[in-house]
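In what follows, every heavy atom counts, from backbone to side chain, and hydrogens, waters and symmetry copies are set aside. Numbered from 1 within each chain, the chains take letters A, B, ... in sequence-line order. What you are looking at is a predicted structure, and each value in this text was computed from that prediction instead of being measured.
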Amino acid sequence: MHTFKSSEIRNFVLQFLNDFNMSIAKTYNPKEAEEKWYSYWMENGFFRSVPDEREPYTIVMPPPNVTGVLHMGHMLNNTIQDVLIRRARMQGKNACWVPGTDHASIATEAKVVAMLKEKGIDKKSLTRDEFLKHAWEWKEKYGGIILKQLEKLGASCDWERTKFTMDPDLSEAVIDTFIKLYKEGYIYRGVRMVNWDPQGKTALSDEEVIRKEVNQKLYYVRYKIKDSDKYIIIATTRPETIMADTAICINPNDERYTYLKGKTVIVPLVNREIPVIEDEYVEMEFGTGCLKVTPAHDLNDYELGIKHNLPVIDILNDDGTLNENAQILVGEDRFIARKKVAKLLEEAGQIEKIEDYKSQVGFSERTDAVIEPKLSMQWFCKMEELAKPALKYVEDGTIKFIPEKFFASYKHWMENVKDWCISRQLWWGHRIPAWYNDKNEWVVAKTEEEARKEFEAQGKSVSGIRQDEDVLDTWFSSGLWPMSVFDGVRNPDNEDFKYYYPTNDLVTAPEILFFWVARMIIMGHDYTKKPPFRNVYLTGIVRDKLGRKMSKSLGNSPDPIELMEQYGTDGVRVGMLLSSPAGNDLMFDVSYCEQGRNFANKIWNAFRLVKGWEVKEASATTTQKTAAVWFQNRFNQAVAEIDEHFANYRLSDALMATYKLIWDDFCSWYLELVKPAYQTPIESETLETVKNFFQKVLTLVHPFMPFITEELWHDELFGTRDAKDCIIVAPYPKAEGFDEQIIKEFSTVQQIISEVRNIRNSKGISPKVALPLAINNTDIDFAKYQESIIKLANISELTFVGEKVAGAISFIAGKTECFVKLASDNIDVEAERERINKELEYLKGFLTSVEKKLSNEKFVQNAKPEIVQNERNKKADAEAKIKILEESLANLG
RNA sequence: GGAGGCUUAGCUCAGCUGGUUCAGAGCACCUGCCUUACAAGCAGGGGGUCACUGGUUCGAAUCCAGUAGCCUCCACCA
């Protein structure tokens, strides 16, 4: 049974009172602020960007699938983009974040097909137009969901610029590009071995094929040698393809098989005669060293077939079932056929043995069907030439990858790039602008009208003109995204395009480096001779605590919307960012969101504190002034750090630096120092300073936590603001100089306070008991700090003495020697002696190591002078401390 | 098979071109506190032979080589 602590009960009651607005809520309630401010920002056009004289800062959002639903990956990705955009906006740049969605050809078509099937409609029974009508209906119904979800996340996109890859203008850009690349000679049509997805019934690019290791059987099949009683044995994982065999291949150097040269063998089950050919491609060590050649169903075999002029027998239908060419098992699915063929062979006594075998099998990225290599007529894009400048951009630093480690695989891919199969046998997508006449001759043209002219110009028949049935690979249109969203493909001289392009940062997942990033660079360069962006920030993969990738099928992915409900959007944003350095996978755990929520609450309560103060007309006290000088310097130091983190795209470090500045420096030290005693008003001058600092730290956090900062920004505590004076456009702090000496001095003060608290803690003395503190020696201006120390360390009497204090606990902070005298029965002389001895021991060991270094001639000779000097300083410091400690020891008696 | 990366506190990770903030941060943990901003908090504290083995160097978490384990990408061994 859960027993309630009194604090829990009190909190419950307080929260209850909060709900009735009886006081400022004790905890931050995100819900209200989130709804209020997002629509406020929208209504007032803060996200809107149009070209002006300011410096542009542009990000194009990686368009999510139009029918997609927000997942953790989107959450991370878009949070990062929003942080970058918001900060740039506050820095006075013209920040433009373009949102949009991708038509995701194969994924969406698969979804629509499945939806229709549920309604009892077979895709085959529909015409192209009928099907597309259903698809558009589906898109209209579900298309907006993910963008709405991004609003909840606070994404400050320019929604008026929202684009969809199948919008009329973007579609036209795709067609124009196809024609341009065709005219430049990069696009060609031909029969090639492609990756066939029998479920989607379409060709796929190499990138869309995922290889997975699969447990298979390796069948050792006997092939009878013609005019002989002998058999040769061939190992295969695909017995169902033997009906398509057109040769047997051996390695010419394989002495075991010299007797086979020039022989003919008989394919089992179908009894077709095929020749034995020789090629060094065959590995003698693998299997039996004998390979069956099936040109229609294996890429290597296809190439062997061309080389040796073999016939091609295609025994598979588009859906992966066997066709008439197979002669047997016609109509059976390839996997069922595999088992049946194996059984038939076994019954015929033609299986030597069956072994377990692991091998890599290709699967469709979208449908997860096993890929079938298939010969077919497809459209291709030549990549070799196009890839060269795209590689150079990254090589010479025009485009930077963050982290850099991804450059290696990018380079490898670019240098070994193969032609890109761009046609897909689908309906949902951009239809290829190629036209055929009744003689199957073809031309590439934008419209039927132009096609007609083209045919005429070539003196060819114009009867029966029809358009190519295929659509283009989705990534063909995504590749244009940074240009097409600004209409830069059709109309490169338009103002938007000239102003926003090249864009600045691209934030995306490394998984689509080749699919998308590389192709954007290629196409961007082909059109503009410019890179589409300058920096590519590659996020990690969001994984669960066990390191598994978050996925629907595993059910291990929390719903981002629910998370935001539970922890507040700001809390979740902080949670996502805290542990996600660029390129590193993020082991997601809700405790990060908890931390983010707690941080929001901390800020909220700092606000409550300041808000609750009464004011009196008065100038600041010495302590308050000293605290303000310190905090100003500390603030400037933090801003410099944060700037550097951002410059290196280390967002989690930038956030952590902000977090510590607020939590530790602002709340725990600064506010505690200036805070007036209970029910005492604060000096008006100090309150102004506090409010000023408060607003400054709020602007620093705003990119990370947009809602709570905007909410507080508008509180009357900070004065009345006119409607447009929002934190979203408030100036982001600039790095200014800071005095290290001030920060260092203050850290000595902090040490003294901590030491006194520690003494109290370790002696079991209540914090309420004030203790006397004596200072023997110090190198700092104590007058400035003594009140602070008295206040925060709860000192009853602070004295300066010119000697050691007998019977007291001593410690050294910086170069200041301090004594705390406790009531006599509290002093354990033995324990003190032991403590001092321990410290002495450490210092002496430290000293000898320093001395050893300094007496090493090679060190003094080779090391940089400042390093040597440092060692000398260390030596002097250690000696001084040792002296003090030894005296303290003697003093203990 | 090729390429790249990782291994630092219980967890997630920083540690730039070798030498004072070289052993860090956040969280978690332990102790004491319902102190009138915050128990989603305050104060204090304890945790690591920097994977292993060698080498280079006056000096190595940091550079080099090897070993082990893990990860990612690429690749047609039937």
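If you check every strand for non-hydrogen atoms under 4.0 Å, A:S766 touches nothing. Nucleic acid contact class of A:C667 (heavy atoms, under 4.0 Å, all strands): base. Within the 4.0 angstrom heavy-atom criterion, no nucleotide atom of any strand lies near A:N195. Counting any heavy atom pair closer than 4.0 Å across all strands shown, A:V610 reaches no nucleic acid atom. At a threshold of 4.0 angstrom between heavy atoms, the contacts of A:N300 include nucleobase atoms, whether or not backbone atoms are also involved. A:F846 comes within 4.0 angstrom of nothing in the nucleic acid, heavy atoms only. Among the heavy atoms of the strands, none lies under 4.0 Å from A:S762. Among the protein residues, A:W613 comes within range of no part of the nucleic acid, since none of its heavy atoms lies under 4.0 Å from any strand. When heavy atoms are screened at a 4.0 angstrom cut-off, A:E283 is found touching base atoms of the nucleic acid.
As rounded to the nearest Å, B:G10 and B:C30 have P atoms that lie 15 Å from one another. Here, B:G45 and B:A25 have their P atoms 12 Å apart, quoted to the whole Å. The same atom, P, is picked in B:U53 and in B:A40; the two are 45 Å apart, to the nearest Å. Comparing B:A43 with B:C38, their P atoms sit 14 Å apart, to the nearest whole Å. Rounded to whole Å, the C1' atom of B:C50 lies 11 Å from the corresponding atom of B:A60. As rounded to the nearest Å, B:U17 and B:C64 have P atoms that lie 10 Å from one another. Taking atom P on both B:G41 and B:U36, the two are 16 Å apart, rounded to the nearest angstrom.
The pairing partner recorded for B:C30 is B:G44, the criterion being a Watson-Crick or G-U wobble arrangement whose two distances lie under 3.5 angstrom. Pairing partner, B:U12: B:A25, with both Watson-Crick or wobble hydrogen-bond distances short of 3.5 Å. For B:A65, the paired nucleotide is B:U53, the pair qualifying as Watson-Crick or G-U wobble because both relevant distances are below 3.5 Å. With a cut-off of 3.5 Å on both Watson-Crick or G-U wobble distances, the partner of B:A37 is given as none. B:A60 makes up no base pair with any nucleotide shown, lacking Watson-Crick or G-U wobble contacts both under 3.5 Å. The base-pairing partner of B:C73, taking Watson-Crick or G-U wobble contacts with both distances under 3.5 Å, is B:G2.
Against the 90° criterion about 0, the sugar-base torsion of B:G47 places it in the syn range.
Nearest-nucleotide positions on RNA chain B for A:T236 and A:F859 put A:F859 closer to the 5' end.
Taking 4.0 angstrom as the limit, A:R650 places a side-chain polar atom (N or O) nearer than this to OP1 or OP2 of B:G15. Within the 4.0 Å cut-off from OP1 or OP2 of B:A43, not a single side-chain nitrogen or oxygen of A:S754 is found. For A:Y592, no side-chain nitrogen or oxygen approaches OP1 or OP2 of B:C11 to under 4.0 Å. The side chain of A:K675 contributes an N or O atom lying less than 4.0 Å from OP1 or OP2 of B:A37.
Rounded to whole Å, atom C1' of B:A78 lies 11 Å from atom CZ of A:R238. Rounded to whole angstrom, the span from the NZ atom of A:K405 across to the P atom of B:U72 amounts to 12 Å. Rounded to whole Å, the distance from CG on A:L655 to P on B:A25 is 17 Å. In this structure, the CD atom of A:Q360 is 13 Å from the P atom of B:U72, given to the nearest Å. To the nearest angstrom, P of B:C13 lies 17 Å from CG of A:L651. The distance from atom CG of A:L771 to atom C1' of B:G44 is 14 Å, rounded to the nearest whole Å.
Here A:F599 and A:Y659 bring their ring centres to under 6.0 angstrom of each other. Checked against the 6.0 Å centroid criterion, the rings of A:Y357 and A:F286 qualify as a close aromatic pair.
Looking at A:E672, its side chain comes within 3.5 Å of the base of B:A37 through a donor and an acceptor atom. Side-chain atoms of A:Y28 stay outside donor-acceptor range of the base of B:C38, with no qualifying N/O pair under 3.5 Å. Judged by distance alone with a 3.5 Å cut-off, a donor-acceptor contact links the side chain of A:R597 to the base of B:A40. Counting distance only, with no hydrogens placed and no angle test, the side-chain atoms of A:N856 and the base atoms of B:C58 include no donor-acceptor pair under 3.5 Å. Not a single donor-acceptor contact under 3.5 angstrom links the side-chain atoms of A:K26 to the base of B:C38.
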For this session: Go through the steps for A:Y410 and A:W413 under the test ring-ring contact (aromatic ring centres under 6.0 Å, His included), then give the verdict.
Result: CA-CA 5 Å; A:Y410 177 80; A:W413 190 81; 7.5 Å; no

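A donor-acceptor pair shorter than 3.5 Å cannot be found between the side chains of A:T848 and A:E851.
A salt bridge does not link A:K875 with A:E871: none of the charged nitrogens is closer than 4.0 Å to a carboxylate oxygen. For A:R238 and A:E240, the salt-bridge test passes: some basic side-chain N is under 4.0 Å from an acidic carboxylate O.
Counting non-hydrogen atoms of neighbouring residues, nucleotides and ligands closer than 6.0 angstrom, the CD atom of A:E213 exceeds 12 such neighbours.
The shortest non-hydrogen separation linking A:N253 to A:E280 is ND2-OE2, 3.4 Å.
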